[in-house]
Chemist: 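Let me give you the structure first, and then I'll get to my questions.
Keep in mind that this is a model prediction, so the values were computed, not measured. Chain A is the first sequence line, chain B the second, and so forth, proteins listed ahead of strands; every chain is numbered from 1.
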Amino acid sequence: MSEIERDEQEQIKQRRQKLSALREQGVAFPTDFRRNVITGEVIAEYADKTKEELEAEPVRVKIAGRMMTRRIMGKASFCHIQDMAGKLQLYVTRDTLPEGFYNEQFKKWDIGDILGAEGTLFKTKVGELSVKVDDIRLLTKALRPLPEKFHGIADQEIKYRQRYLDLIMSDKSRKTFVTRSGVVNFIRRFLDQRQFMEVETPMMQVIPGGATARPFTTHHNALDMGLYLRVAPELYLKRLVVGGFERVYEINRNFRNEGLSTRHNPEFTMLEFYQAYAEYTDLMDLTEEMLRGLAEEVTGSTTINYQGEAYDFGKPFQRMTVVESILHFNPELSAADLDSREAAVKVAEKLSIPVKDGYGLGKVQIEIFEKTVENRLMNPTFITAYPVEVSPLARRNDDDPHVTDRFEFFVGGREIANGFTELNDAEDQADRFRKQVEEKEAGDDEAMHYDADYIVALEHGMPPTAGEGIGIDRLVMLFTDAPSIRDVLLFPHMRPKN
RNA sequence: GGGUCGUUAGCUCAGCUGGUAGAGCACCGCCCUUUUAAGGCGAUGGUCGAGCGUUCGAAUCGCUCACGACCCA
């Protein structure tokens, strides 16, 4: 059925007729109504007052919102209007409005219409704070009916594709996005207080860097050149550290050309921050402080309930190395099983992990880690000492050159953050890029490009620096008990219909 | 990419082993001045996701496709 035919649906047709009647009566979409209060303020201030108190000192309000429910009882009606802060009941009677208005105007309005009303606060028989209306106007006619009031929208697809309907109908969804805003706001304040500066770096990059992931490609017409959407801002932020901005952060979108799932959206929001004269352990401490504070601010507790499990952000976060964690969750293994590539490959094969020829010991260890450890890291945990092979931008450990000064942070079996002491040795970085290019040429389309300009920047000297990325969407999922990343994205990526 | 489930009125859902479609809400008409999933009476509303097939006959059975949800890679 085409969109034009859909418009001929009976209910929409009726509403269009009501709208053309309004057009004939004058301005159908007036903009001159001004409210003097929102529902949340009214409720906060007057919900505790008694019936008698409200009668003794009458309070007048001008309020506006979308009509969500209506109960017409002859010459009197109740309806709820909803605004940005919540809902408030209106009591509308024939005899307090101008002659004929109640029957010829008000009763013809529809649920979903946007109204402006003026009146006096009172309490109903059952004690609900309401407005006794003596002036009411239709501000915006809604041509399409709202979803059914009791069940709301059950169809996930409509919730995602028509988010505005979901936001009108679901307090829970509205709250999720309010929380999301609160999370980002808290992080900004936290970092600002510590002298971090928020910056913006290119989303369109000539060489995509900073992560091992497949990029999206686009084209610049005037310059007639290919460009990539960034997979990470990392290399630009570190150029800023070279430039003397010693504490920088960016909260913005990254783009990765990979599959969609309950944890992956092609564009997602990442916090990245860099602190000069610090090591990865300093960032672990900072992360712990930030997440604990965030949990308390957002949920009022240091215990997070996610999908039926409780995670404790109050206690010190656990810390162990990649190898320690593998041994911990695979008690039948001993250190010798992870010491050599030969031994580790045997372990991997037993776990039916496909091992490619190019994999070194470190890559095999990480495959074993991902298969047997990652989704079992339930309470907040830092994993450290990642192999050099899988950490092309991280500083080598001084005592063990096979691993880096790097950590990842897990909660509920999910990776939330990744940080390390930055590699500021330009020559080592150039070698690592060359290695990535070899892997790319061998067929790994996630491997990194050689970024010569970045090497030049490092050759000018980057102070010792630690940096970290935190996935904002996954963090918000945790704090809003959301099972899918789509529940925390206002407009998640969906396949086009038809 | 593989598996499971789903798609029926604007919305939420029934519809059994095949016999030309049903409820609640919404909408329309009437009654109703403290209701709140308001209530009462009455009426309207459907290319049953799309296509092909089996059959005298398909919402129902089979196949293909589209979109979605969940699980696995």
Chemist: Any side-chain to backbone donor/acceptor pair from Arg70(A) onto Trp109(A)? Under 3.5 Å, distance only.
Modeler: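 Here the side-chain-to-backbone pair exists.
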Chemist: Scan Leu146(A) against the nucleic acid and name what it touches under 4.0 Å (heavy atoms): base, sugar-phosphate only, or nothing.
Modeler: nothing
Chemist: Do Arg406(A)'s NZ or CZ and the ring of Tyr386(A) fall within the cation-pi criteria of under 6.0 Å and 45°?
Modeler: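 Ring-cation test returns yes.
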Chemist: What distance, rounded to whole Å, do you find between the two P atoms, one in C71(B) and one in C48(B)?
Modeler: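 It works out to 33 Å between them.
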Chemist: Spell out yes or no: do the side chain of Gln156(A) and the base of A69(B) have one donor N/O and one acceptor N/O closer than 3.5 Å?
Modeler: no
Chemist: When you compare G39(B) with G46(B), how far apart are their C1' atoms, in angstrom units rounded to a whole number?
Modeler: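 G39(B) and G46(B) have their C1' atoms separated by 29 Å.
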Chemist: Any strand counts, and the cut-off is 3.5 Å on both contacts for Watson-Crick or G-U wobble. Which nucleotide pairs with U20(B)?
Modeler: none
Chemist: Could you give the distance separating G45(B) and G10(B) at their C1' atoms, to the nearest angstrom?
Modeler: 10 Å
Chemist: Mind checking if Ser77(A) touches a base, just sugar-phosphate, or nothing, with heavy atoms under 4.0 Å?
Modeler: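 Ser77(A): no heavy atom of the nucleic acid under 4.0 Å.
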Chemist: Can you tell me the distance, in whole Å, between the CZ atom of Arg263(A) and the P atom of A73(B)?
Modeler: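 After rounding, the gap between these two atoms is 11 Å.
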Chemist: Could you let me know what G1(B) is paired to, Watson-Crick or G-U wobble, both distances under 3.5 Å, or none if it's on its own?
Modeler: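 Base partner found: C72(B).
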Chemist: Can you figure out which of G68(B), U35(B), C27(B) approaches the side chain of Arg486(A) most closely?
Modeler: G68(B)
Chemist: Name the orientation class of the two ring planes belonging to Phe407(A) and Phe382(A) (parallel below 30°, tilted from 30 to 60°, perpendicular beyond 60°).
Modeler: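 Answer is perpendicular, since the angle exceeds 60°.
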Chemist: Taking the same atom, P, in C25(B) and in A37(B), what whole-Å distance lies between them?
Modeler: 13 Å
Chemist: Quantified in whole Å, what is the C1' atom distance between nucleotide A21(B) and nucleotide U8(B)?
Modeler: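 It comes out at 9 Å once rounded to the nearest Å.
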Chemist: Counting only Watson-Crick or G-U wobble pairs whose two distances fall under 3.5 Å, which nucleotide matches C67(B)?
Modeler: G6(B)
Chemist: Hey, does the side chain of Gln82(A) reach the backbone of Ile168(A) with a donor-acceptor pair shorter than 3.5 angstrom?
Modeler: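 The answer is yes, because a donor-acceptor pair under 3.5 Å joins these two groups.
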Chemist: Closer to the 5' end of RNA chain B via nearest nucleotide, is it Met494(A) or Cys79(A)?
Modeler: Cys79(A)
Chemist: Under 4.0 Å, counting only non-hydrogen atoms across every strand here, what does Tyr91(A) touch: a base, just sugar-phosphate, or nothing?
Modeler: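 Since a base atom lies under 4.0 Å of Tyr91(A), the category is base.
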Chemist: Look at all strands and tell whether Lys18(A) reaches a base, only sugar-phosphate, or nothing, counting heavy atoms closer than 4.0 Å.
Modeler: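 It contacts sugar-phosphate atoms only.
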Chemist: So, does Arg495(A) get its side chain near the phosphate of G68(B), meaning an N or O under 4.0 Å from OP1 or OP2?
Modeler: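 Looking at the OP1 and OP2 atoms of G68(B), one of them is under 4.0 Å from a side-chain N or O of Arg495(A).
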Chemist: When you measure from the side chain of Phe150(A), which nucleotide among C27(B), A37(B), U36(B) comes out closest?
Modeler: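 Among the listed nucleotides, the one closest to the side chain of Phe150(A) is A37(B).
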Chemist: From CD of Gln11(A) over to C1' of G46(B), roughly how many Å is that when rounded to an integer?
Modeler: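 In whole Å, G46(B) C1' and Gln11(A) CD are 14 Å from each other.
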Chemist: The side chain of Glu148(A) is closest to which nucleotide in this list: A69(B), C11(B), C28(B)?
Modeler: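 Taking heavy atoms from C-beta onward, the closest nucleotide is C11(B).
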Chemist: How would you label the contact of Gly259(A) with the nucleic acid (heavy atoms, under 4.0 Å): base, sugar-phosphate, or nothing?
Modeler: nothing
Chemist: Distance-only, no hydrogens or angles: does the Lys49(A) side chain make a donor-acceptor pair with backbone N or O of Lys123(A) under 3.5 Å?
Modeler: no
Chemist: Considering every strand shown, what is the Watson-Crick or G-U wobble mate of A37(B) when both distances are under 3.5 Å?
Modeler: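 The answer is none; no pair meets the criterion.
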Chemist: Using a 6.0 Å cut-off, check whether atom NZ of Lys350(A) has over 12 heavy atoms from anything other than its own residue.
Modeler: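 Not buried by this count: 12 neighbours or fewer within 6.0 Å.
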Chemist: Using a heavy-atom cut-off of under 4.0 Å over every strand shown, decide if Tyr102(A) touches base, sugar-phosphate, or nothing.
Modeler: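 Counting heavy atoms under 4.0 Å across all strands, no contact is made by Tyr102(A).
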Chemist: Using a 4.0 Å heavy-atom cut-off across all strands, classify Thr69(A) as base, sugar-phosphate, or nothing.
Modeler: nothing
Chemist: Toward the 5' end of RNA chain B, which comes first, Arg70(A) or Lys132(A), by nearest nucleotide?
Modeler: Arg70(A)
Chemist: Using whole Å, what does the distance between atom P of nucleotide C32(B) and atom CZ of Phe106(A) come to?
Modeler: 16 Å
Chemist: Could you check whether Asp473(A) pairs with Arg263(A) (Lys NZ or Arg NE/NH1/NH2 to Asp/Glu carboxylate O, under 4.0 Å)?
Modeler: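 Between Arg263(A) and Asp473(A) there is no salt bridge, as every charged N stays at least 4.0 Å from the carboxylate O atoms.
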Chemist: Applying a 3.5 Å limit to both distances, which nucleotide forms a Watson-Crick or G-U wobble pair with C52(B)?
Modeler: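 Base partner found: G62(B).
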Chemist: Does Arg256(A) reach the main-chain N or O of Val231(A) with its side chain, forming a donor-acceptor pair under 3.5 Å?
Modeler: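 Indeed, once roles are kept as given, a pair shorter than 3.5 Å links the two residues.
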Chemist: Closest approach to the side chain of Met73(A), judged atom by atom: which nucleotide of C67(B), U33(B), A26(B) is it?
Modeler: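 The closest nucleotide is U33(B).
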Chemist: Could you tell me how far C65(B) sits from A26(B) if I compare only their C1' atoms? Round to whole Å.
Modeler: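 One C1' to the other, the span is 34 Å.
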Chemist: Measuring from the side chain of Gln14(A) (C-beta onward, heavy atoms only), which nucleotide among U34(B), C32(B), C27(B) has the closest atom?
Modeler: C27(B)
Chemist: Separation of Arg144(A) atom CZ from A9(B) atom P, in whole Å?
Modeler: 15 Å
Chemist: NE2 of His493(A) versus P of G68(B): gap in Å, rounded?
Modeler: 9 Å
Chemist: Kindly point out which of G68(B), A26(B), A37(B) is positioned nearest to the side chain of His151(A)?
Modeler: A37(B)
Chemist: Regarding Lys363(A) and Glu389(A), does a basic nitrogen lie under 4.0 Å from an acidic carboxylate oxygen?
Modeler: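 Glu389(A) and Lys363(A): not salt-bridged.
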Chemist: Please tell me which of the listed nucleotides, C67(B), G10(B), U35(B), lies nearest to the side chain of Phe78(A)?
Modeler: U35(B)
Chemist: For U7(B) versus A14(B), give the span between their C1' atoms, rounded off to a whole number of Å.
Modeler: 15 Å
Chemist: Looking only at side-chain atoms of Lys125(A), point me to the closest of U35(B), G68(B), C28(B).
Modeler: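 Taking heavy atoms from C-beta onward, the closest nucleotide is U35(B).
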Chemist: Any strand is fair game: report the nucleotide pairing with U47(B) by Watson-Crick or G-U wobble, both distances under 3.5 Å, or none.
Modeler: none
Chemist: Leu88(A) CG to U36(B) P: how many Å, rounded?
Modeler: 18 Å
Chemist: Once you round it to whole Å, what is the distance between P of C67(B) and CG of Leu260(A)?
Modeler: 12 Å
Chemist: Name the closest nucleotide to the Ala154(A) side chain, picking from A69(B), U34(B), C13(B).
Modeler: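 Of all the options, the side chain of Ala154(A) is nearest to C13(B).
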Chemist: Starting from P on G29(B), measure out to CG on Asn103(A) and report it in whole angstrom.
Modeler: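 Those two atoms, CG and P, are 12 Å apart.
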Chemist: Within the modelled atom types, does a donor on one side and an acceptor on the other bring the side chain of Glu128(A) and the base of U34(B) under 3.5 Å apart?
Modeler: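 There is none.
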Chemist: Starting the side chain at C-beta, find the nucleotide from C27(B), C32(B), U35(B) nearest to Val126(A).
Modeler: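 Closest of the options to the side chain of Val126(A): U35(B).
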Chemist: With rounding to the closest Å, how many angstrom separate the P atoms on G19(B) and G57(B)?
Modeler: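 Result for the P pair: 14 Å, nearest Å.
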